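Per chain, numbering begins at 1; letters A, B, ... match sequence-line order. Because the structure is a prediction, the values reported are computed rather than measured.
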2 protein chains.
Amino acid sequence: MDIDGARNFDGDPDMVVRLRAAGLRPTRQRVELGKLLFACADRHLTAETLHEEAEQANVRVSLATVYNTLHQFTGAGLLREVSVDGARTYFDTNVSDHHHYFVEDENRLIDVEGKIRIGAIPAPPEGMEVASVDVVVRVRRA
Amino acid sequence: MDIDGARNFDGDPDMVVRLRAAGLRPTRQRVELGKLLFACADRHLTAETLHEEAEQANVRVSLATVYNTLHQFTGAGLLREVSVDGARTYFDTNVSDHHHYFVEDENRLIDVEGKIRIGAIPAPPEGMEVASVDVVVRVRRA
DNA sequence: ATTTGTGCAAATCGTTTGCATCTGA
DNA sequence: TCAGATGCAAACGATTTGCACAAAT
């Protein structure tokens, strides 16, 4: 059954397995988008970007589904959401704990390789606990 | 002339001076918005918020003008723009170098009092220079 | 008199939603 | 079968823009 399941449609068996493991039904569009997303590592893309990429790869998906998928993947821990820009939302295929350069004027994100050491965080307001610490290094053309 | 200038309309002379110093023409709406903005220190507000505040203070300004003013103030170094949320844009009346707590589920910003020590930043990509480093500590109700 | 700012309404942009239809288990 | 997913188009919220009018120098 497992094997048949993975063969029900022409999807990449690896991606099918990966989605199942994440608790997501391996639908055609999720598998296709997953393949595009994780083809190379450490990508930063917006819904718009991924949608265009899908078109060029002849994968028919509506923009709404791209949004849904991106959020589902994020919920499943396959992606990380990054907001630096106010306007658009970026999704990072690198889920590990790391920080970003944001290239102003280009609206482009780049992973910071290596750790940034962060000193003690002053105690958060009463009754609050730290969920995460995001560091964005804004860079510009020198 | 300077004094007359500051008396041309019923605006707060201090704010008039402050705007002039920043290279901005002290129009009625800029003076009024400036007074609201800087009435108390270290505020974080959105265009919408400030617009409502203006209404309640019986200051007639259009939302478009609020946006314009916020951006002009930011350009003049009177405000700082903070994006953490993806949706809205916050303006911080505290222009000094500091970081923020972002209260998830409440969409509220709080200044981090005191410094956060940040270790060396790995060299940015070729031909790029660091413009600023933003740290956002996401907190949630414990 | 000239330049600059303002208000309004319409336009834009990214994102979400409602709902009928389709698909995977 | 049938919960869950998809597509489309309309709805949305935040922000911007175009342009006629008003105000500051």
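- Not one side-chain nitrogen or oxygen of B/Arg60 sits closer than 4.0 Å to the OP1 or OP2 atom of C/dG7.
- Distance B/Leu70 CG to C/dT6 P: 12 Å, rounded to the nearest Å.
- For the OP1/OP2 pair of D/dT6 and a distance below 4.0 Å, the side-chain nitrogens and oxygens of A/Thr27 include at least one atom meeting the criterion.
- For the pair B/Arg141 and B/Glu106, the salt-bridge criterion is met [side-chain N within less than 4.0 Å of a carboxylate O].
- The aromatic rings of B/Tyr90 and B/Phe102 lie perpendicular to each other, with more than 60° between the two planes, well past the 30° mark.
- The shortest distance between the side-chain N/O atoms of A/His71 and the OP1/OP2 oxygens of C/dT15 is not below 4.0 Å.
- Put simply, B/Gln29 has a side-chain N or O that comes within less than 4.0 Å of OP1 or OP2 on C/dG7.
- Checked by atom type, the side-chain pair B/Asn94/B/His44 shows no donor-acceptor distance below 3.5 Å.
- Between B/Arg88 and B/Glu48 no salt bridge is recorded (no basic side-chain N to carboxylate O distance below 4.0 Å).
- Per the geometry, CG belonging to B/Asn68 stands 15 Å off C1' belonging to D/dA14, to the nearest Å.
- Rounded to whole angstrom, the span from the CD atom of A/Glu48 across to the P atom of C/dT15 amounts to 8 Å.
- In this structure, A/Arg30 atom CZ and C/dT23 atom P are separated by 15 Å, rounded to whole Å.
- One can place CG of B/Asp85 at 12 Å from P of C/dT15, the figure rounded to the nearest angstrom.
- Contact check, B/Tyr67 against D/dT16: no side-chain N or O comes under 4.0 Å of OP1 or OP2.
- Going from atom CZ of B/Arg28 over to atom C1' of C/dT4 covers 16 Å, rounded to whole Å.
- A side-chain N or O of B/Gln72 and one of B/Arg30 form a donor-acceptor pair less than 3.5 Å apart.
- Considering only side-chain N and O atoms, A/Thr46 lies nowhere under 4.0 angstrom from the phosphate OP1 or OP2 of C/dG14.
- Closest to the A/Arg88 side chain, of the nucleotides C/dG14, D/dT17, C/dG5, is C/dG14.
- For D/dG4, neither phosphate oxygen OP1 nor OP2 lies less than 4.0 angstrom from any side-chain nitrogen or oxygen of A/Arg25.
- Separating the CG atom of B/Leu19 from the C1' atom of D/dA23 is a distance of 15 Å, rounded to the nearest angstrom.
- Residue whose closest nucleotide on DNA chain C sits further toward the 5' end, between B/Ser62 and A/Ala47: B/Ser62.
- Atom CG in B/Leu63 sits about 11 Å away from atom P in C/dG7, given to the nearest Å.
- Residue-level contact check: A/Ala64 touches the bases, meaning some heavy atom is under 4.0 Å from a base atom.
- Contact annotation: A/Thr65 does not reach the phosphate of D/dT6 (side-chain N/O to OP1 or OP2, under 4.0 Å).
- With respect to B/Asp134 and A/Arg138, a salt bridge is recorded, a charged nitrogen being found less than 4.0 Å from a carboxylate O.
- Relative to the side chain of B/Thr89, the nucleotides D/dT15, D/dT6, C/dT15 differ in distance, and D/dT15 lies closest.
- Relative to the side chain of A/Arg20, the nucleotides D/dT6, C/dA25, D/dT17 differ in distance, and C/dA25 lies closest.
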